[in-house]
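Order of the sequence lines fixes the chain letters, A, B, ..., with proteins taken first and strands second; residue numbering starts at 1 for each chain.
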There are 2 protein chains.
Amino acid sequence: MSAPAQTLRSDNRRELILESAAELFVRHGYGGTSMRDIAKATGMLSGSLYYHFASKEALLLSVFEEGVRLLSDAVDHALATSPDDPWERLQAAAQAHLSVLLDGSHFAQVVVRVLPGDAPGAQAELIALRDQYEARFHTVVDALPLTPDTDRSVLRLMLLGAMNHTPVWFQPGRATPAQLARHFIRNLRGTAAP
Amino acid sequence: MSAPAQTLRSDNRRELILESAAELFVRHGYGGTSMRDIAKATGMLSGSLYYHFASKEALLLSVFEEGVRLLSDAVDHALATSPDDPWERLQAAAQAHLSVLLDGSHFAQVVVRVLPGDAPGAQAELIALRDQYEARFHTVVDALPLTPDTDRSVLRLMLLGAMNHTPVWFQPGRATPAQLARHFIRNLRGTAAP
DNA sequence: CTATTAACCAAGCAATCGTTTGCTTGGGGA
DNA sequence: TCCCCAAGCAAACGATTGCTTGGTTAATAG
């Protein structure tokens, strides 16, 4: 028989490190967070982290991968269960993105907050992960019925920029991520008074 | 008689430090840039920087202030020489913002790239500077003729987020900052095909 | 010519950084 | 019972960090 309990507890420990690191990376940035800070938040000594992760950059990469995974799964699921209307599909994707980004989990915020240039050794991997995720919005925006003079790349990057900026000003008490997604999409379809 | 030449040369030296620091802060982040990096880029030794700036955070604050000053002056001038149409005024402000942000000068990019949380000692001042600048967009967005169900705060934060994200993907060869500003505003007025 | 001062260098401070090492511990399999 | 191995502790490594200090240089003022 296998011993899943033991394996589970070890995974929990590893995940606790990831969560602590994600929260600190979001709050103080990558360069502003030390391995000792992460260790203290996890309740261990700094050297013990290296049993689970080979380096600080490897730890960042794991946090980043978890963030991208959360975002990708949410958007994929939203698109799979979404109707055919192109604008509704974009709104569903935006809502999934904003929900993951703003509802507690710090992993997704690391993807948005930490720029690849902060960790030169992992720069290429970070960029690849981000691009691989954002490709989903490329597809959805391409399906939009737009006036011919509308630049779809600009529209896509505009929406991504607006969404990725929300952690700076979002306050849990006010609008929900879903309401924000509706506002964002409606604003892109047209806000001028008749 | 005074000696303006001497004062000027010293100011040039101080400005050279500021420029080097701004470029490094943008490329590697605040925590990823050391005083020795800045000194080497300026052609001095690290200790010499402290003749001009009291601390690393004071240096960041000066860079930040210069960035806010450049952005504020550009937007103020654009609004002062802009017609009365509210949407055209917003586009003029956006164009000024994007031009300063994307045309070479690294000071403005520091304002967007370095988050207040990166420098805990200067956090309050950085937030105050950013808010003081962004108040201009509050005024211009308030003057917009919008459908009653449009949230003006969301619209403003959406535009700011989209603009502040441009340094991540902007490439000098393609669209100009002015063209981007036109696209952004047009997208906010309505992009759906009839 | 002397005195002053702005501007910088050379060297080093204590503290902290990411990382490595050798050792302990507790629980499961043979 | 013996052993093993995951998991982490305790301590330290050299390097780098932000910053300080005392002296040097070049130019200006009187």
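Between the base of D:dC19 and the side chain of B:Ser46 there is a donor-acceptor pair shorter than 3.5 Å. Judged by distance alone with a 3.5 Å cut-off, no donor-acceptor contact links the side chain of A:Arg13 to the base of D:dG8.
At a threshold of 4.0 Å, the pair B:Arg156-B:Asp142 does not count as salt-bridged, since none of the basic side-chain nitrogens sits closer than that to a carboxylate oxygen. A salt bridge links A:Glu23 and A:Arg27; the closest N-O separation between the charged side-chain nitrogens and carboxylate oxygens is under 4.0 Å. Between A:Arg113 and B:Asp118, at least one side-chain nitrogen of the basic residue sits less than 4.0 Å from a carboxylate oxygen of the acidic one, meeting the salt-bridge criterion.
In this model, the phosphate group of C:dC17 is approached by a side-chain N or O of A:Ser34 to a distance below 4.0 Å at OP1 or OP2. Distances shorter than 4.0 Å separate some side-chain N or O of B:Ser48 from OP1 or OP2 on C:dC9. Not one side-chain nitrogen or oxygen of B:Tyr51 sits closer than 4.0 Å to the OP1 or OP2 atom of C:dC8.
One interatomic measurement links the two molecules: CD of B:Glu57 to C1' of D:dC19, which rounds to 13 Å at whole-angstrom precision. Between B:Leu16 atom CG and C:dC8 atom P there is a gap of 10 Å when expressed in whole angstrom units. A straight line from CZ of A:Arg14 to C1' of D:dG8 spans 16 Å, rounded to a whole angstrom. Here C:dT25 presents its C1' atom at 14 Å from CG of A:Leu45, a figure rounded to the nearest Å. Regarding A:Leu49, its CG atom lies at a distance of 10 Å from the P atom of C:dG18, rounded to whole Å. Protein atom OH of B:Tyr50 is 18 Å distant from nucleotide atom P of C:dA10, rounded to whole Å. Here C:dT16 presents its C1' atom at 17 Å from CE of B:Met35, a figure rounded to the nearest Å. Rounded to whole Å, the distance from CG on B:Asp37 to C1' on D:dC19 is 15 Å.
The residue A:Gly43 sits close only to the backbone: its heavy atoms come under 4.0 Å of sugar-phosphate atoms, none of a base. Residue B:Thr33 is in sugar-phosphate contact alone, with no base atom involved, counting any heavy-atom pair closer than 4.0 Å across all strands shown.
Considering only side-chain atoms of A:His52, the nucleotide from D:dA10, D:dG18, D:dG8 that sits closest is D:dG8.
How far CZ of B:Arg14 is from CG of B:Leu59: 9.0 Å, rounded to the nearest 0.5 Å.
Looking at which nucleotide of DNA chain D each of A:Met44 and A:Arg36 is closest to, the 5′-most match is held by A:Met44.
Ring centers of B:His97 and B:Phe184: at least 6.0 Å apart, outside the cut-off.
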